[in-house]
Amino acid sequence: MARIFITGSADGLGQLTATALVAQRHEVVLHARNEKRGQEALDKVPGAETVLTADLGDTLETKQLAAKVNALGNFDAVIHNAGVYQASAAEIFTVNTLAPYILTCLIERPRRLIYLSSGMHLDGSAKLESLDTSVSRVTYSDSKLHVLMLCMALARKWPGVCANAVDPGWVPTKMGGSGAPDDLTKGYETQVWLAASNDEKARVSGLYFHHKKETGHNPEADDVQLQDRFLNLCREITGVSFR
């Protein structure tokens, strides 16, 4: 039995991932943006251990969330599921890029880390030259490349941790829309598998998965110099050092 924390688990893929893990008798801690959403999350996933609240659009609240997670003790896995799509560039950057960085740095290191990226990252660009002055040009695709860069950097720097990223596909959630063509179940199965399975194929690091299979990704994510520049920029912007 594993203990797992999932960001953005009040609805969508995060909630479905949590429900599947609870059904497998794992201990799951949920996350929601506020108290109202938190109660709704517990109502939807009644077997969850508890729910923690924080608005990931506020870096101070994100730092406080890390402290709340640590106060509950150690976790075997953290799934960085939270994200925004139809939002301003500033909110996309704060929620999709900075929040996973802050939480990764401040939460006591788990054995497994899973990051939700997207096939749209293939059209993204790191844009590191402008991040320290303005984030107005950052797109959703860029942010999903950023989180993949973070994942690949961790796989390189933390050899004792299994850090992997997932493209869940275009699935019919609130974010994806009712007309999304991909299989909803396959949209969360990979996260469940990577977080808790004893399958040797799940106990790997530095890979990008789509429906439990390794798939190609933007080569910028593998550029070690870009990774280090990205980590340094995140440190400068947030005041949180990478350990």
Side-chain angles (χ1 to χ4, degrees), residues 6-17 31-33 37 54-59 61-62 79-104 113-154 163-182 184 186-188 190-191 208-211 215-223 226-227 229-231 233-234 237-238:
I6 309 171
T7 68
S9 39
D11 58 19
L13 289 177
Q15 179 204 318
L16 292 167
T17 301
H31 159 257
R33 187 170 58 246
R37 298 265 295 167
D55 182 353
L56 300 185
D58 182 321
T59 56
E61 287 198 31
T62 302
I79 303 175
H80 292 275
N81 170 85
V84 293
Y85 178 54
Q86 292 182 321
S88 68
E91 186 176 1
I92 287 172
F93 181 65
T94 303
V95 175
N96 296 5
T97 300
L98 294 183
Y101 169 82
I102 292 169
L103 294 174
T104 298
L113 285 163
I114 298 96
Y115 296 88
L116 266 287
S117 183
S118 164
M120 291 177 67
H121 91 277
L122 292 167
D123 297 320
S125 174
K127 295 178 181 166
L128 301 186
E129 68 285 348
S130 63
L131 292 186
D132 56 347
T133 56
S134 173
V135 298
S136 61
R137 293 175 54 240
V138 172
T139 66
Y140 177 80
S141 298
D142 299 337
S143 73
K144 290 305 177 180
L145 173 58
H146 292 157
V147 81
L148 184 55
M149 291 170 66
L150 173 62
C151 175
M152 296 308 183
L154 291 172
N164 296 288
V166 177
D167 166 20
W170 183 11
V171 293
T173 60
K174 183 171 69 175
M175 181 182 288
S178 59
D182 288 352
L184 182 60
K186 290 186 181 298
Y188 64 86
T190 305
Q191 296 88 291
Y208 175 63
F209 288 95
H210 176 66
H211 298 173
T215 189
H217 58 269
N218 189 324
E220 279 193 61
D222 295 321
D223 187 316
L226 274 180
Q227 291 173 10
R229 284 178 57 203
F230 171 72
L231 294 177
L233 278 169
C234 288
I237 294 168
T238 64

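This is a predicted model, so every value here is computed, not measured. Count residues from 1 along the sequence. The figures that follow rest on heavy atoms only: side chains count, while hydrogens, waters and symmetry mates do not.
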Holding to side-chain hydrogen bond (donor to acceptor under 3.5 Å, both in side chains), I want the full list of residues that pass it with [X], two or more places apart in sequence or in another chain.
X: His121; result: Tyr208
X: Ser88; result: none
X: Ser125; result: none
X: Thr133; result: none

Between [X] and [Y], is there a donor-acceptor pair closer than 3.5 Å when you use the side chain of the first and the backbone of the second?
X: Ser141; Y: Met120; answer: yes
X: Asp167; Y: Gly119; answer: yes
X: Thr7; Y: Ala82; answer: yes
X: His31; Y: Gly8; answer: yes

Closest non-hydrogen atom pair, [X] against [Y]:
X: Leu128; Y: Leu233; answer: O-CD1, 3.3 Å
X: Ala89; Y: Ser136; answer: CB-O, 3.5 Å
X: Ala99; Y: Leu56; answer: CB-CB, 4.0 Å
X: Leu131; Y: Val135; answer: O-CG1, 3.9 Å
X: Glu61; Y: Asp55; answer: OE1-N, 2.7 Å
X: Val95; Y: Gly83; answer: CG1-CA, 4.1 Å

side-chain contact (heavy atoms from CB on, under 4.5 Å) between Asn164 and Ile114: does it pass, once the steps are laid out?
CA-CA 5 Å; Asn164 296 288; Ile114 298 96; 5.5 Å; no

Can you list the steps and then say if His211 with Lys186 is a side-chain contact (heavy atoms from CB on, under 4.5 Å)?
CA-CA 6 Å; His211 298 173; Lys186 290 186 181 298; 3.6 Å; yes

Rounded to the nearest 0.5 Å, what separates atom SG in Cys234 from atom CD1 in Ile102?
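Between atom SG of Cys234 and atom CD1 of Ile102 there are 8.5 Å.
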
Say you draw a straight line from CG of Leu122 to NZ of Lys144; how long is it, rounded to the nearest 0.5 Å?
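Taking CG in Leu122 and NZ in Lys144, the distance rounds to 13.5 Å.
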
Are any of the side-chain heavy atoms of Leu103 and Thr62 separated by less than 4.5 Å?
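The answer is yes; the side chains approach within 4.5 Å.
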
Quick one: which residue pairs count as a side chain to side chain donor-acceptor pair (under 3.5 Å) with a foot in residues 93-102, not counting sequence neighbours?
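Sorted result for residues 93-102: Asn96-Ser143, Thr97-His146.
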
Could I get the full list of side-chain contact (heavy atoms from CB on, under 4.5 Å) partners for [X], not counting sequence neighbours?
X: Ile237; result: Phe93, Leu98
X: Glu129; result: Lys127, Arg137
X: Ala221; result: Leu145, Leu148, Met149, Met152, His217

Filter on salt bridge (charged side-chain N to carboxylate O under 4.0 Å, His left out), then keep only pairs touching residues 117-126, sequence neighbours left out; what's left?
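Output for this query is empty, none listed.
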
Testing Leu116, Val166, Thr17 for side chain to side chain contact (heavy atoms under 4.5 Å, CB included) with Tyr188, which one passes?
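For Tyr188, the side chain to side chain contact (heavy atoms under 4.5 Å, CB included) check succeeds only for Thr17.
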
Name all residues meeting the ring pair (Phe, Tyr, Trp, His ring centres under 6.0 Å) criterion together with His80; count only those two or more places apart in sequence or in a different chain, and write none if there are none.
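By the ring pair (Phe, Tyr, Trp, His ring centres under 6.0 Å) rule, His80 matches Tyr115.
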
